[in-house]
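Sequential numbering from 1 along the given sequence is applied to the chain's residues.
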Amino acid sequence: MSRTAADIGAGLDRVRGARAIRPGERIHVVGIAGAGASGAALLAAGLGAEVSGCDSGGPSPYAPALEAAGIPIEWQHEAAHVAATAGGRPDRLAVTKALTSIDPDNAELDAARRLGIPLEPWQQVVADAGVGRRLVAVAGTHGKSTTAGWLTHVLAAAGRDPSAFVGALLPSSVTGAAPATARTGRGSELIVEADEYAGNFDAYRPDLVAITNVDWDHPDVFADRGAVVEAFARWIELVPAATLVVNVGDEGADLLRERLAGRAGRRATVAVDGSPRAAFASLRAEIMAAGPAGTTIAFVGELAPARREVTLRVPGRHNVANAAVVAAAARELGVEWPEIMRGLETFEGVGRRLERKGEVGGVAVYDDYGHHPTAIRATLEAVRQREPGRRVWVAHEPLTFHRTAALGDDLAAALADADAVAVADIWAGRDRDTSIASARELARTVARLAPGMPAEAPGDVEATASWLASQVRAGDVVLVMGGGRSYRIADGLLERLRRRAEADSAS
């Protein structure tokens, strides 16, 4: 059953116009260890706010950056965080919808309501951090973290010193500090990853919008792709003067372009050669060569009067499309082509996007956030480009029961493109009904589609790491994919492989 944005953000204040974050303003972030909420906290702290936070989920990969910034964190939700804090009551709470969607009457939120303290989605804090800056929003069903991180890297390498919020860890080379989902700069641009789920991007009023693609996802709020297209269109229509960069090589994004055909704002279009409408794009990317070391492409078209060739370090056709979006957006922001090309060429990716975690005993382990069939297919293609000729395992933790139930057949078909599959227990996230799908049934469907291929459901992330360690052999590649806690599969597998290698050497 579908839910509305109001259901998911129950009890939160309506989106308002952005206002500057005041030095000394007290902001308490509920769910602070999440990718997005942690970025909001860092941006606010970087502007002089007094930030605190709590998260009942415990430490995450995003927590070290918060700790390095001196932001105090409590690992439980309590009304006392609101009613009595060391620095006084918060001026507002910034809240993750992962909490309101399942526990809108949480004691901490209820205490804030009784005290008249504003309750806002954390995206409002990010929007407020953009006051006085040129706001650049990167949106799309897939690839927005990589694209937003890549654009941040290009602008930083060009000396523009942007601020940024990205839903994946930016490396220290980009943040200038610990790996984090935010960068605080003194330049005029703030780059934000804008998510379509349940009105998450509604707080943003960007000056430039870059669209990577539009696919059907979040079946709990969108009935079909048409509903997703309409959500993007309604948001973009709120900023009629904003520049729009669209990857028209993607069918859904091209439908969005058509839906916005009468819009007056400036528009640039991109596509990978061979894609639909590539011949009509303002910027076209031609793939010249693809191999383990990267993908060599050439840009041609109205936005590139002279042919521009560059070798991308991140593999995959989908990353060629992302690079085209980055190049067009950077050019619209006034970055010159030589600087764009340097930035494209030196980008090595963001956290959990085909991140090579290590190789032990001849087994290479990658970690990736992909959890949608389209993302799984694209990432599998990319890892085969980088690791040709090797047997590829996919260890997948499905993200939410509702998505697994709605996309199950397509999800199984995407997983069946691997050489072997392990399906970890489904990460519930914001789901209330955990009976509508199961990891075991998904693994069985994969096995039916690919007879003879190993396809098992070993259990939770720890059990999955242990099972994989008993199955893999030298020469294999393990691609861990999913949201939730799937990163623990990659870390756990590498640790088990190291212990096995040490035991073998000792004997």
Find the distance between OG (S163) and CG (L135) and round it off to the nearest 0.5 Å. 11.0 Å

Treating R356 as the side-chain partner and Y366 as the backbone partner, does any N or O pair qualify as donor plus acceptor under 3.5 Å? no

Please check: side-chain N/O of T379 versus main-chain N/O of I376, any donor-acceptor pairing under 3.5 Å? no

Please check: side-chain N/O of R160 versus main-chain N/O of L333, any donor-acceptor pairing under 3.5 Å? yes

Return the orientation label for the W122 and F165 ring planes: parallel under 30°, perpendicular over 60°, tilted otherwise. perpendicular

Pick from N247, V270, V245: which one makes a side-chain contact (heavy atoms from CB on, under 4.5 Å) with L283? V270

So how far is it from W150 CH2 to L170 CG, rounded to the nearest 0.5 Å? 14.0 Å

Can you pull the salt bridge (Lys or Arg N to Asp or Glu O under 4.0 Å) pairs that have at least one residue in residues 271-283, sequence neighbours excluded? D254-R277, D273-R284

Using 30° and 60° as the class limits, which term best fits the ring planes of F299 and W337: parallel, tilted or perpendicular? tilted

Residue pair R183 / P162, side-chain heavy-atom distance below 4.5 Å: yes

Just by distance, do the side chain of S60 and the backbone of A33 share a donor-acceptor pair under 3.5 Å? yes

Hey, could you give me each pair passing salt bridge (Lys or Arg N to Asp or Glu O under 4.0 Å) that has a residue in residues 201-210? Not counting sequence neighbours. none

In terms of side-chain heavy atoms, does T464 have a donor or acceptor partner in E397 at a distance below 3.5 Å? no

Are there more than 12 heavy atoms of other residues, nucleotides or ligands under 6.0 Å from atom CG of D13? yes

How long is the span from the CG atom in L312 to the CD1 atom in I287, to the nearest 0.5 Å? 9.0 Å

Is the distance from the ring center of H142 to that of H372 below 6.0 Å? yes

Carefully, step by step, assess T374 and D215 under the rule side-chain hydrogen bond (donor to acceptor under 3.5 Å, both in side chains). CA-CA 8 Å; T374 300; D215 202 352; 2.7 Å; yes

Straight-line distance of M288 CE to T311 OG1, nearest 0.5 Å: 8.0 Å

